[in-house]
Amino acid sequence: MRKNFMKKVVAGMLTAVMAFSLTACGGGDASTNDTAKEEGSSDVITVGFSQVGAESDWRTANSESMKSTFTKDNGYELIFDDAQQKQENQISAIRNFIQQDVDYIVLAPVTETGWDAVLGEAKQAGIPVIIVDRMVDVKDDSLYTAWVGSNFELEGKKAAAYLDAYMKAKNMKDMKLVNIQGTIGASAQIGRTKGLDDAVAANGWNLLEQQTGEFTQAKGQEVMESMLKQYDNINVVYCENDNEAFGAIDAIKAAGYEVGADKDMMVFSFDSTKEGLKKVQSGEITLNTECNPLHGPRVEAIIKQLENKETPEKKAYVDEEMFAHDDTVKSVTVDGKEYPVTVVTDEVMGARKY
Ligand code: GYE
């Protein structure tokens with residue numbers, strides 16, 4: 001139940017009681033009660049959203065989805081805070097939201113750990129917290145009301161299964177693999193790295209190095225440049241998001257190599273933003289495993305449930321696809337489930353809005 005709304009309901013009830021006693025005394029005006037009711041029902045819902053930053057195209061699409069959902073016209077006041085990838089900024093944003101007595105706090109956490117204290121403060125203040133995108137790792141699950149986002153480990157497993165199937169289909173024996181990781185400690189990094197690590201262990205792949213590219217294009221490029229200086233004959237580059245892949249591709253080309261599955265180096269990516277899919281269509285990215293950023297309506301659905309005193313699902317995963325340059329591998333099987341691979345055509349490109 002919305003706190004400001006509750007406050008108004010209580011105020012309305014008091015007014016009604018007073019009006020009733022005045023009427024009983026013969027001099028009352030019962031319309032006071034209606035005014036209070038009207039005020040209550042036209043109340044805007046205030047949402048404080050602590051966003052990680054603006055590090056990637058995915059993030060831009062995610063912010064846009066939140067902003068276009070929580071509008072004045074839809075009955076919301078959105079307080080948007082960009083933490084510039086720093087947890088301390090997110091913690092102070094949450095403290096500000098508590099001070100402003102918002103109705104809901106929405107948190108897209110930069111990393112999983114370190115939230116117990118501040119989420120405890122929100123709980124103490126009686127403000128529901130909805131976690132979106134990456135997860136939090138807290139001792140007490142009651143510190144947040146609900147979470148919605150992606151199954152990052154499944155994304156990693158699907159990508160690794162594709163790489164395995166691709167290698168076998170093309171009879172490639174010699175793998176020299178590098179991994180440009182996301183922000184260390186972020187669920188998206190933990191899951192995508194784990195999917196790869198497990199496959200490396202199971203298949204005995206030659207993983208030369210893992211280094212963070214912090215989910216940005218600039219860092220992706222820098223890390224790739226240094227790996228190219230250090231190792232000869234890298235042939236698979238597993239990037240953990242599109243922007244890192246863009247940076248890595250620039251670095252590979254600048255070093256004089258050709259990018260593509262049948263060229264010098266194969267690039268893997270996650271997100272499948274419009275720019276990311278363009279590079280799949282051109283062949284510079286071999287496989288792009290989708291991660292859906294359009295969480296605004298999903299968070300709103302949770303808030304509506306809470307407003308209606310319903311209990312939202314504690315954790316909800318989003319369904320996601322895989323996009324490839326060609327149909328060498330038509331599907332992969334992970335944990336007994338088959339996932340189709342879609343070849344990027346003009347039609348696929350046309351349907352992608354972000
Ligand atoms: O993959 C990346 C962004 O947490 C799913 O963060 C998100 C990741 C996304 O910077 O592009």
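Each residue takes its place number in the sequence, starting with 1. In each ligand, atom 1 is the first atom listed, and ligand 1 is the first ligand listed.
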Looking at ligand 1, does any of its N/O atoms fall within less than 3.5 Å of an N/O of S56?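 Checking ligand 1 against S56, an N or O pair does fall under 3.5 Å apart.
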
For ligand 1, which is the ligand I care about here, please tell me if W58 has any N or O atom under 3.5 Å from one of the ligand's N or O atoms.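 No.
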
Between N288 and F323, is there a donor-acceptor pair closer than 3.5 Å when you use the side chain of the first and the backbone of the second?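 A pair under 3.5 Å: no.
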
Can any side-chain N or O of D264 pair as donor or acceptor with the backbone N or O of E258 at less than 3.5 Å?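 Looks like yes, one N/O pair under 3.5 Å.
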
Between E155 and K158, does at least one N-O distance fall below 4.0 Å, as a salt bridge requires?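 No salt bridge links E155 with K158.
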
Strictly below 4.0 Å, N to O, side chains only: are K304 and E310 in salt-bridge contact?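 So K304 does not pair with E310 through a salt bridge.
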
Taking the ring of F270 and the ring of Y238, is the distance between their centroids below 6.0 Å?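 That pair passes the under 6.0 Å test.
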
What is the closest protein heavy atom to [atom], and at what distance does it sit?
atom	value
atom 2 (C) of ligand 1	N241 ND2, 3.5 Å
atom 9 (C) of ligand 1	D271 OD1, 3.4 Å
atom 7 (C) of ligand 1	D133 OD1, 3.3 Å

Considering only heavy atoms, which of R134, Q189, E244, E55 lies nearest to atom 4 (O) of ligand 1?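 Checking each option, the heavy atom nearest atom 4 (O) of ligand 1 is found in R134.
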
Quick check with a 6.0 Å cut-off and a 45 degree axis cone: is K67 positioned over the face of F80's six-membered ring?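 So K67 does make the cation-pi contact.
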
Looking at Y144, I'd like to know if the NZ or CZ of K314 sits under 6.0 Å from its six-membered ring centre while staying within 45 degrees of the ring's axis.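 Flagged: K314 positioned over aromatic ring of Y144.
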
Could you list the atoms of ligand 1 found under 4.0 angstrom from a heavy atom of A188?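 Once the distances to A188 are compared, the set is 4 (O).
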
For F152, atoms of ligand 1 separated by under 4.0 Å from a heavy atom: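 By the 4.0 Å cutoff, the relevant atoms are 5 (C).
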
When you look for heavy atoms under 4.0 Å from ligand 1, do you find them on the side chain of R192, its backbone, both, or neither?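 Under 4.0 Å from ligand 1, R192 contributes side-chain atoms alone.
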
Answer side chain, backbone, both or neither: which part of F270 comes under 4.0 Å from ligand 1, heavy atoms only.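 Neither; no heavy atom under 4.0 Å.
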
Distance (rounded to the nearest 0.5 Å) between N179 CG and M227 CE: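 Nearest 0.5 Å value for the CG-CE distance: 7.0 Å.
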
C291 near ligand 1, heavy-atom distance under 4.0 Å?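 So C291 counts as touching ligand 1.
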
